[in-house]
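A, B, ... follow the sequence lines: proteins, then strands. Residue 1 opens every chain. The structure presented is a predicted model; accordingly, all values stated were derived computationally and were not measured. Hydrogens, waters and symmetry mates play no part in the numbers below; they use all other heavy atoms, side chains included.
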Amino acid sequence: MSEMPTPVLEPTLFQQRLLAWYDRAGRHDLPWQCQRTPYRVWVSEIMLQQTQVTTVIPYFERFMARFPTLGALAEATQDEVLHLWTGLGYYARGRNLHKAARQVVAEHGGELPVASLEAMAELPGIGRSTAGAIIAQSTGQRAVILDGNVKRSLARLHAVEGWPGRPVVERQLWALAEHYTPEQRVADYTQAVMDLGATLCRRGTPECSRCPFADVCVAHFRGEERRFPESKPKKALPTRTTLMLVLRDAEGRVLLEQRPPSGLWGGLWGLPQFDDLAALRGWLDVHAPGAAIDPAWPAFSHTFSHFRLDITPQPARIGRLDAVGEARCWYDPGNPERIGLAAPVKALLASLAPFALAAPAGP
DNA sequence: AAGGCGGGGCT
DNA sequence: AGCCCAGCCTT
């Protein structure tokens, strides 16, 4: 428990405040809140994964009308189940629900094993949080939940740093959720803690003025509600490498090529690009025989939305070269033409003194 | 147009 | 263990 952040309130105080708010302002008439059977709560919890309450309600009603009991669901075909799922998305949820219903009939006598968190979490589509939610809401046994709403509220309340997808962060949040969960009124508590995140402690625009925890919330105290929970780190962009040939003639002009009309830098002018030095040499042998290759300049990188390009400028010299062929031109860095240049090429060319043959400072 | 979301499957 | 995915919705 040493990995738990310092709680902002004693559990009993936390529960009192939350339940008082819930009694006053929470949601009490959701379809799965009447006849809170394990089956109905289960179906609602699966539908509520990744999906908001207002979207779920009509699907839940139709589903219950067609499959009023777990047995009815188990006897249905997968096609019937998926038909009722159409439009809800994440269809694996529907397939797992159906599979789990048959598993419950086969292995648990047709009753959800709500006495055991572990047995519940072994059913397909039910993980730790969903198992806790079903147990707490349908039996009133103490069980802990940690869905996205609860994660957000707890992360703000305690200013928990780090993306909740990281195991260390998730462990802290589970420890807090565990700490605050009561023994009494567990079903209401569970609904309340989810309602708080869904209706008040929203992702974009939290309504702190109505929050029963505004006076103890660390993120609110710092004015940093929006910073918590931290978002998933952007994955490192894949890196590609390329050689760019900086072929200069005796007057210091640089050979450019026009790129294909579509794709990256489509239609722009750029330096001839090669995957490796051998390819560059082969190209010079054909198009600029007699060119002298100089030591490469320091690489620099250019970042696109979807990858990073490491560019190594490869200088070379040739005395004179008249016929450069189609879609090529000699470009005078000291007297630039008005043509479209890819950004890193433009920077590279701008760094070239008209007759400098040594490495430039770089773009 | 981008990012969030709970669990499962794959590496 | 960590990464990636699913599909719709909100921002």
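Taking atom CZ on R166(A) and atom P on dC3(C), their separation rounds to 11 Å, with Å as the unit. Nucleotide dG6(B) holds its P atom 15 Å from the CG atom of L88(A), rounded to whole Å. Rounded to whole Å, the distance from CH2 on W163(A) to C1' on dC5(B) is 11 Å. One atom, CG of N96(A), and another, P of dA6(C), lie 15 Å apart when rounded to the nearest Å.
A close approach under 4.0 Å does occur between a side-chain nitrogen or oxygen of R152(A) and OP1 or OP2 of dC5(B).
Nucleic acid contact class of G165(A) (heavy atoms, under 4.0 Å, all strands): none. R95(A) comes within contact range of no nucleotide atom at all, as no heavy-atom separation falls under 4.0 Å. Using a 4.0 Å heavy-atom distance criterion, G127(A) is classed as a sugar-phosphate-only contact. Counting non-hydrogen atoms under 4.0 angstrom, I145(A) reaches nothing in the nucleic acid.
Both distances falling under 3.5 Å, in either a Watson-Crick or a G-U wobble arrangement, occur for no nucleotide opposite dA6(C).
Judged by the 6.0 Å and 45° rule, R62(A) forms a cation-pi pair with Y59(A). Note that R128(A) lies in the cation-pi zone of W174(A), set by a 6.0 Å cut-off to the ring centre and a 45° limit from the axis.
Comparing the P positions of dC10(B) and dG7(C) gives a spacing of 15 Å, expressed to the nearest Å. Taking the P atoms as reference points, dG8(B) lies 23 Å from dC9(C), given to the whole Å.
Using a 30° and 60° split on the angle between ring planes, F14(A) and Y180(A) fall in the parallel class, below 30°.
If you look at F63(A) and H98(A), their ring centroids are not closer than 6.0 Å.
Mapped onto DNA chain C by nearest heavy atom, G204(A) and A92(A) fall at different nucleotides, with A92(A) at the one closer to the 5' end. Mapping L123(A) and Y90(A) onto DNA chain B via the closest heavy atom, the residue that lands nearer the 5' end is Y90(A).
Within residues 44-65 of chain A, the residues approached by DNA chain C to less than 4.0 Å at the level of any non-hydrogen atom are Q50(A), Q52(A), T55(A), in residue-number order.
Listed candidates were dG6(B), dT10(C), dG2(C). Nearest to the side chain of R203(A) is dT10(C).
In this structure, CD on Q184(A) lies 12.5 Å from OG1 on T12(A), to the nearest 0.5 angstrom.
A donor-acceptor pair under 3.5 Å is formed between the side chain of D249(A) and the backbone N or O of R253(A).
Scanning both residues, G267(A) and Q258(A), for their nearest heavy atoms gives O-NE2, 3.1 Å.
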